[in-house]
Student: 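Below you'll find the structure I mean.
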Amino acid sequence: MKPSIPRGTRDFSPSDMQKRNYILNCIRKNFELFGFQQIETPAMENISTLTGKYGDEGDQLIFKILNSRIHESKNKEVMRKEFELSLQSSRNSEELTEKALRYDLTVPFARYVVMNQNDITFPFRRYQIQPVWRADRPQKGRYREFYQCDADMIGSNSLTNELELISLIDKSFSELNVPVILKFNNRKILTALAEVINERDKIIDITVAIDKLDKIGKEGVNKELLEKGISQEAVNKLQPLLDFKGTNEEKVEVLKNLLGNNETGKKGIEEIEFILNANFKLQTSNLELDITLARGLNYYTGTIFEVKANAGTFTPSILGGGRYDDLTGIFGLPNMSGVGISFGIDRIYDVMEELNVFPEQISKAASCSMLFTHFDEVSQAHCLQLAVELRNQNISCEVYPDVSKKIGKQFDYANKKNIPFVCTVGSNEIEKQIYAIKYMESGNKQELNLQDMIDYLKTELK
RNA sequence: GCGGUCUUAGCUCAGUUGGUUAGAGCACCAGAUUGUGGUUCUGGGGGUCGCCGGUUCGAGUCCGGUAUUCCGCCCCA
């Protein structure tokens, strides 16, 4: 058969993994530097855990897992009915699919917090690096399996958590050498907006439409708002928001004029001002209040974040996040506010590839430090013994696995794998216990006994 | 889920209005070179032209379906 993998999924070769791990290690190091602790959760969740958290569109992007051994079920009539209903409209039937692949890491985290609340010391900082799955149509930078790297603080209302996350974002992208623009907004602003224009029920439609401003323009947004049944009067009231361009402080003034008399609006503006005024390192990061930033996920209630690359032509969203005041409530633990962010390393990878900002040494990384070459079974066996000695000294090495008189072929192998040192062992070497070490880059050779070889390699490999 | 697009050797791609045995570069293998790689030269292997069906005397080329890639919509890391 012809081998293939599902669309939207990918294999990662050793050179891919070197680059992916470079990104991952940077982010993981910073997570730990900020005191986050790692957890993992299962790839699959009960489907009821996931549904209803991501909006209607999100629910349809959940990968469902068909129940096993349905042919042995005793409830086939019920299943047939459920299947018929599933053909009619989007729904979840636990008779057919009781499990699903996780869609993000935040909802499983909320579930974890509720289940383990007695063992957790709050406020809890956790990080989680695992793949998620979305039944989306693949495109460039849009995969059906991809990794999220989440850092969340839960059990604290303090806005200093938001400041810490901004600091973490700033530090991570500057270390990765990716120029970014960090946008933020507050869901309370959007809620207040819907209230002020008397379209409270349409908040989702309003936020989704406004979020598209930079993509479809003001006319596009207005058209979509009207199509969704928002009144012309309400749309008119929104115009100052859509028109406005200016500094963060000027935007706050616009918000005050528009929403200053609304309680929720006041609170949102306060939170925004706190972040902007925080006497922090924020001035050096590219922090922008974007009053049209909405984000689709339903569970956000306060601050929302989004990061985009600020260079090159491929500038997808590479980080998202925000504050959720009551995600755990649905699982039975109310009043547990959390805030978190999620790095999308697959897209960060694509952006870094385009910008060509991976350090050069990553692509040159060798699989090991030394290759032993040989001529026959006897010399190969001697090499295996030498390899044990080197590895005991923490020097990585490999013995060419096949026996061949063609030493050139063995050298070519070292050359292709960027292995920096080659040691050839034959009967002369075994007899004298002196080995010729060749440094591939220069071609220089050194004749050394085992102890000198170890010392030499340790010095050279530093 | 809807619309468009791509697919020819391991990789990147040519392939004329449908017409002999489908090509190139790189990679691979062998030799020049029997204890030392990168350069060079010579030779060689490798294709159900994504898959299924149709039109035709004849299909890589035209038509239908399907899968995949990428793009737009929707949504999002």
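Sequence lines set the chain letters: A, B, ... in the order given, protein chains first and strands last, and positions in each chain run from 1. Just so we're clear, the structure is a prediction, and the values are computed from it rather than from any experiment.
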Student: NA contact type, Gly58(A), heavy-atom cut-off 4.0 Å: base, sugar-phosphate, or nothing?
Tutor: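 Touches nothing.
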Student: Check whether the ring centres of Phe372(A) and Tyr400(A) lie less than 6.0 Å apart, and answer yes or no.
Tutor: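 Distance test on ring centres: not under 6.0 Å, no.
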Student: Among G35(B), G37(B), C75(B), which nucleotide has an atom closest to any side-chain atom of Asn428(A)?
Tutor: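 Selected nucleotide (nearest to the side chain): G35(B).
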Student: Are Arg126(A) and Tyr112(A) in a cation-pi setup, meaning NZ or CZ lies under 6.0 angstrom from the ring centre and within 45 degrees of the ring axis?
Tutor: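 The answer is no, since Arg126(A) fails at least one limit relative to Tyr112(A).
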Student: Nearest to the side chain of Asp412(A) - G38(B), C75(B), G35(B)?
Tutor: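 In terms of side-chain proximity for Asp412(A), the closest of G38(B), C75(B), G35(B) is G38(B).
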Student: Spell out yes or no: do the side chain of Lys416(A) and the base of G38(B) have one donor N/O and one acceptor N/O closer than 3.5 Å?
Tutor: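 Between G38(B) and Lys416(A), which were checked side chain against base, a qualifying N/O pair under 3.5 Å is absent.
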Student: Does any donor-acceptor pair link the side chain of Glu429(A) with the base of G35(B) at a separation under 3.5 Å?
Tutor: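 Checked by distance alone, the answer is yes.
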Student: Across all strands shown, which nucleotide pairs with G44(B) by Watson-Crick or G-U wobble geometry, both distances under 3.5 Å?
Tutor: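 Checking every strand shown, G44(B) finds its partner in C28(B), with both distances under 3.5 Å.
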Student: Would you please test Gln451(A) and Asp455(A) for side-chain hydrogen bond (donor to acceptor under 3.5 Å, both in side chains) and show each step?
Tutor: CA-CA 6 Å; Gln451(A) 187 54 52; Asp455(A) 293 341; 3.2 Å; yes
Student: Rounded to whole Å, how long is the line connecting atom CZ of Arg10(A) with atom C1' of U69(B)?
Tutor: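 So the CZ-C1' distance, Arg10(A) to U69(B), works out to 14 Å.
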Student: For C2(B) and U66(B), measure between their P atoms and round to the nearest Å.
Tutor: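 Taking atom P in both C2(B) and U66(B), they lie 10 Å apart.
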Student: If I take atom CD1 in residue Ile216(A) and atom P in nucleotide G72(B), what distance separates them, rounded to the nearest angstrom?
Tutor: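 Atom-to-atom, Ile216(A) to G72(B), this comes out as 15 Å.
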Student: When all nucleic acid strands are considered with a 4.0 Å heavy-atom cut-off, which category describes Tyr413(A): base, sugar-phosphate, or nothing?
Tutor: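 Nothing, no heavy atom under 4.0 Å.
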Student: Between Glu271(A) and Arg323(A), is there a side-chain N and carboxylate O pair less than 4.0 Å apart?
Tutor: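 Arg323(A) and Glu271(A): not salt-bridged.
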Student: Go nucleotide by nucleotide along RNA chain B from the 5' end; which of Gly344(A) and Phe411(A) gets its closest nucleotide reached first?
Tutor: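 Per heavy-atom nearest nucleotide, the more 5' residue is Phe411(A).
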Student: Checking contacts here: which listed nucleotide (U36(B), C74(B), A30(B)) is nearest the side-chain heavy atoms of Lys409(A)?
Tutor: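 For Lys409(A), the side-chain atoms sit closest to A30(B).
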Student: Anything under 30° is parallel, anything over 60° is perpendicular, the rest tilted; go ahead and classify Tyr103(A) against Tyr54(A).
Tutor: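 Tilted: the ring planes of Tyr103(A) and Tyr54(A) meet at 30° to 60°.
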Student: Would you mind classifying the nucleic acid contact of Asp104(A) as base, sugar-phosphate or nothing, using non-hydrogen atoms under 4.0 angstrom?
Tutor: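 The residue Asp104(A) makes no contact with any strand.
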Student: Please name the pair of heavy atoms, one in Leu371(A) and one in Val399(A), separated by the smallest distance, quoted to 0.1 Å.
Tutor: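 In this case the closest contact between Leu371(A) and Val399(A) is CD1-C, 4.3 Å.
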Student: How is Lys212(A) classified with respect to the nucleic acid when contacts are heavy atoms under 4.0 Å: base, sugar-phosphate, or nothing?
Tutor: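 Lys212(A): backbone/sugar contact only, no base atoms under 4.0 Å.
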Student: Without decimals, in angstroms, what is the distance between Gln60(A) CD and C76(B) P?
Tutor: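 Atom-to-atom, Gln60(A) to C76(B), this comes out as 13 Å.
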Student: Can you tell me the distance, in whole Å, between the CZ atom of Arg91(A) and the P atom of G1(B)?
Tutor: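 Distance check: Arg91(A) CZ to G1(B) P gives 19 Å.
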Student: Expressed as a whole number of angstroms, how long is the span from Asp402(A):CG to C29(B):C1'?
Tutor: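 Computing the Asp402(A):CG to C29(B):C1' distance gives 15 Å.
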Student: Give one of base, sugar-phosphate or nothing for Lys445(A), where a contact means two heavy atoms less than 4.0 Å apart.
Tutor: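 Contact class for Lys445(A): base.
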Student: Will you find, in the side chains of Asp376(A) and Ser379(A), an N or O donor that is under 3.5 Å from an N or O acceptor?
Tutor: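 Yes - a donor-acceptor pair under 3.5 Å links their side chains.
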Student: Assess whether one donor atom and one acceptor atom, taken from the side chain of Arg137(A) and the base of C74(B), lie less than 3.5 Å apart.
Tutor: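 Donor-acceptor pair under 3.5 Å: no.
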Student: Using a heavy-atom cut-off of 4.0 Å across all strands, would you classify Ser317(A) as base, sugar-phosphate, or nothing?
Tutor: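 The residue Ser317(A) makes sugar-phosphate contact but no base contact.
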Student: Remember a base hit wins even if backbone is also touched, and classify Phe343(A) as base, sugar-phosphate or nothing at under 4.0 Å, heavy atoms.
Tutor: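 No contact.
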Student: Over how many whole Å does the gap from Lys140(A) atom NZ to C6(B) atom P extend?
Tutor: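 Between P of C6(B) and NZ of Lys140(A): 19 Å.
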Student: Pick the closest RNA chain B nucleotide for Gly8(A) and for Asp346(A) by heavy atoms, then say which residue is nearer the 5' end.
Tutor: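 Here Gly8(A) is the residue nearer the 5' end.
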Student: Can you check the Arg7(A) CZ to C6(B) P distance for me, whole Å?
Tutor: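 Interatomic distance, CZ of Arg7(A) to P of C6(B): 16 Å.
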Student: CD1 of Ile407(A) versus P of U33(B): gap in Å, rounded?
Tutor: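 Going from CD1 in Ile407(A) over to P in U33(B) covers 18 Å.
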Student: Searching all strands shown, indicate the nucleotide that pairs with G72(B) (Watson-Crick or G-U wobble; both distances under 3.5 Å).
Tutor: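 Here G72(B) is engaged in a pair, and the nucleotide opposite it is C2(B).
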Student: Report the base-pairing partner of U66(B) (Watson-Crick or G-U wobble, both distances below 3.5 angstrom), or none.
Tutor: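 Check on U66(B): paired to G50(B), both distances under 3.5 Å.
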Student: Out of C71(B), G35(B), G31(B), which nucleotide sits closest to the side chain of Gln139(A)?
Tutor: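 Of the options given, the side chain of Gln139(A) lies nearest C71(B).
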Student: Expressed as a whole number of Å, how far does the C1' atom of G47(B) sit from that of G3(B)?
Tutor: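 Between the two C1' atoms, the distance is 34 Å.
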Student: What interatomic distance, in whole Å, is found between P of C62(B) and the corresponding atom of A27(B)?
Tutor: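 33 Å, rounded to whole Å.
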Student: With rounding to the closest Å, how many angstrom separate the C1' atoms on C74(B) and A67(B)?
Tutor: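 These two C1' atoms come out 23 Å apart once rounded.
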Student: Have a look at Leu61(A) and say if it touches a base, only the backbone sugar-phosphate, or nothing, with a 4.0 Å heavy-atom cut-off.
Tutor: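 Sugar-phosphate only.
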